[in-house]
J.: 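Right, I'll just put the structure down here and ask away after.
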Amino acid sequence: MIGPSMFPLVSVLNIGHSYKFLKDGDMHANCTVTFIKGCKFNILVDTMTAWDGEKLKRLLKEEVNVEPENIHYVVCTHSHSDHTGGNYLFRNATHIVGTSMNYGERYITSPLDDGKEFLIEPKVKVVCTPGHTLDSVTVLVETGIDEKGLVAITGDLFEREADIEFPNLWRELAGSQNPEEQEKNRKKILEIADFIIPGHGPMFQNFYKNKEGGGGAGPSTSC
Ligand SMILES: [Zn+2]
């Protein structure tokens, strides 16, 4: 193709996981990491734990040939340590951690502070989807109908695809600070997204989109 793409491209760099380990009885988890080649910006969503810096650099290089200094935005879907650990690698980027935005020591006022959406570029926006945590956000990417349509990178709003059938996965295994809000926001995303990238599993196609109840209400503009 000649010239820059008209639509952003989405690549999953790491497929996250989460499970209760029988040997120690503790949760073991790491997050799904997504790279967005935007029309203007390079955007990374979620950065694993603080132990994964080298892995994250290697994934970026091997999968999409991008150096950390060329990332313009880091979005962490919420502030948990398995989604924010590698942020320190991206010092040329504006960081959005949940609804908080900063560049170095400068904390930037944004519409997210008021529960409104923040447009990173015309086809990539951050919307508030509280529930798993009160600061949780989702990145919505319009990839075009030839690609994957509307991709929602939801963090732990969805733990993984199976939690649609087995809600205990998001309600109890992952935990939810506000299950009622989370339920509402899950519904909103299921109404609009063509593909969903959850917090701890692979991307999946949203076959629920056109089922009954799908009202095409459009993305949430407020929390
Ligand atoms: Zn998580």
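Note that the structure is predicted; figures quoted are calculated from it, not measured. All values below come from the heavy atoms of this structure, side chains included, with hydrogens, waters and symmetry mates left out.
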J.: Less than 4.5 Å apart, side chain to side chain, heavy atoms only: is that true for L60 and F35?
T.: yes
J.: Which heavy atom of I71 sits nearest a heavy atom of A93, and at what distance?
T.: O-CB, 3.3 Å
J.: Shortest non-hydrogen contact from K57 to P68?
T.: CG-CG, 3.7 Å
J.: For D135, what residues pass the side chain to side chain donor-acceptor pair (under 3.5 Å) criterion, not counting sequence neighbours?
T.: S79, T133
J.: So, using side chain to side chain donor-acceptor pair (under 3.5 Å) as the criterion, who are the partners of T47 when residues are at least two apart?
T.: N87
J.: Between I36 and I153, is any pair of side-chain heavy atoms under 4.5 Å apart?
T.: yes
J.: On the ring face of F7, is K123 found with NZ or CZ under 6.0 Å from the centre and within 45° of the axis?
T.: yes
J.: For the side chain to side chain donor-acceptor pair (under 3.5 Å) test, which of N185, D156, T154, T77 pairs with H132?
T.: D156
J.: Does any part of the side chain of N70, heavy atoms only, come nearer than 4.5 Å to the side chain of N92, both counted from C-beta?
T.: no
J.: Let me confirm one number: the CG-CD distance from N206 to E191, rounded to the nearest 0.5 Å.
T.: 10.0 Å
J.: Closest heavy-atom contact between G98 and V137?
T.: O-CG1, 3.5 Å
J.: Of the non-hydrogen atoms in A152 and I189, which two are nearest, and what is the gap between them?
T.: CB-CG2, 3.8 Å
J.: For A29, enumerate each residue passing the side chain to side chain contact (heavy atoms under 4.5 Å, CB included) test, keeping only those at least two apart in sequence or located in another chain.
T.: S18, D82, H200
J.: Looking at CZ of R160 and CZ of F204, how far apart are the two atoms once the value is rounded to the nearest 0.5 Å?
T.: 11.5 Å
J.: Listed by chain and number, what are the side chain to side chain contact (heavy atoms under 4.5 Å, CB included) partners of K40, not counting sequence neighbours?
T.: E121
J.: Applying a strict under-4.5 Å side-chain criterion to I, L, V, M, F, W and Y, I'd like to know whether I15 and V139 cluster together.
T.: yes
J.: So, using side chain to side chain contact (heavy atoms under 4.5 Å, CB included) as the criterion, who are the partners of D24 when residues are at least two apart?
T.: F21, D26, H28
J.: Looking at V33, is its backbone amide N or carbonyl O close enough to the side chain of N14 to form a donor-acceptor pair, meaning the two atoms are under 3.5 Å apart?
T.: no
J.: Evaluate L44 against V75 for side chain to side chain contact (heavy atoms under 4.5 Å, CB included), listing each step before the verdict.
T.: CA-CA 6 Å; L44 189 66; V75 182; over 6 Å; no
J.: To the closest 0.5 Å, what do you measure between CD1 (I197) and CE (M203)?
T.: 4.5 Å
J.: Quick check on I145: does its CD1 atom have over 12 non-hydrogen neighbours (other residues, nucleotides or ligands) under 6.0 Å away?
T.: no
J.: Tell me every residue that passes side chain to side chain contact (heavy atoms under 4.5 Å, CB included) with R58, counting only those two or more places apart in sequence or in another chain.
T.: K55, E62
J.: With sequence neighbours left out, what residues match T138 under side chain to side chain donor-acceptor pair (under 3.5 Å)?
T.: T129
J.: To the nearest 0.5 Å, tell me how far F195 CZ sits from L150 CG.
T.: 11.0 Å
J.: Compute whether any side-chain donor of one residue and acceptor of the other, for D52 and N30, lie under 3.5 angstrom apart.
T.: yes
J.: Given K148 and D194, is the side chain to side chain contact (heavy atoms under 4.5 Å, CB included) satisfied, shown in steps?
T.: CA-CA 7 Å; K148 291 195 159 53; D194 296 297; 5.9 Å; no
J.: Keeping D114 on the side-chain end and K116 on the backbone end, is there a donor-acceptor pair under 3.5 Å?
T.: no
J.: Checking R186 against F158: charged group under 6.0 Å from the ring centre and within 45 degrees of the axis?
T.: yes
J.: Which residues satisfy the ring pair (Phe, Tyr, Trp, His ring centres under 6.0 Å) test with F41, sequence neighbours excluded?
T.: H72, Y73
J.: Would you mind listing the cluster partners of V97? Hydrophobic ones only (ILVMFWY), side-chain contacts under 4.5 Å, chaining allowed.
T.: none
J.: Can you measure from OH (Y208) to CD1 (I196) and round to the nearest 0.5 angstrom?
T.: 9.5 Å
J.: Show which side-chain atoms of residues 103-110 pair as donor or acceptor with protein atoms under 3.5 Å away, not counting sequence neighbours.
T.:
unit_1: Y103; atom_1: OH; unit_2: R91; atom_2: O; d: 3.4
unit_1: S110; atom_1: OG; unit_2: L112; atom_2: N; d: 3.0

J.: Between T143 and L9, is any pair of side-chain heavy atoms under 4.5 Å apart?
T.: no
J.: Which pair of heavy atoms, one from T99 and one from C128, lies closest together, and at what distance?
T.: CG2-SG, 3.9 Å
J.: Please report the closest heavy-atom contact between V124 and P8, naming both atoms and the distance.
T.: CG2-CG, 3.9 Å
J.: Please step through side chain to side chain contact (heavy atoms under 4.5 Å, CB included) for the pair F118 and I96, ending with a clear verdict.
T.: CA-CA 10 Å; F118 174 69; I96 300 170; 3.9 Å; yes
J.: Given the rule in the side chain to side chain contact (heavy atoms under 4.5 Å, CB included) test, do T84 and V74 qualify, once you have shown the distances and angles that lead to the verdict?
T.: CA-CA 9 Å; T84 57; V74 170; over 6 Å; no
J.: Does T34 reach the main-chain N or O of V12 with its side chain, forming a donor-acceptor pair under 3.5 Å?
T.: no
J.: Look at E181 together with K184 and state whether they make a salt bridge at an N to O cut-off of under 4.0 Å.
T.: yes
J.: Roughly how far, to the nearest 0.5 Å, is the CD atom of E159 from the OG1 atom of T32?
T.: 9.0 Å
J.: Ignoring hydrogens and angles, state whether a donor on the side chain of H83 or D46 is under 3.5 Å from an acceptor on the partner side chain.
T.: yes
J.: Just by modelled atom types, is the K37 backbone N or O under 3.5 Å from a matching donor or acceptor in the N42 side chain?
T.: no
J.: Which residues satisfy the side chain to side chain donor-acceptor pair (under 3.5 Å) test with E67, sequence neighbours excluded?
T.: K61
J.: I'd like a table of donor-acceptor pairs (distance under 3.5 Å, sequence neighbours excluded) in which one partner is a side-chain atom from residues 169-177, with atom names and distances.
T.:
unit_1: R171; atom_1: NH2; unit_2: E183; atom_2: OE1; d: 2.7
unit_1: S176; atom_1: OG; unit_2: G131; atom_2: O; d: 3.3
unit_1: S176; atom_1: OG; unit_2: N178; atom_2: N; d: 3.4
unit_1: S176; atom_1: OG; unit_2: Q182; atom_2: OE1; d: 2.7
unit_1: Q177; atom_1: OE1; unit_2: L134; atom_2: N; d: 3.1

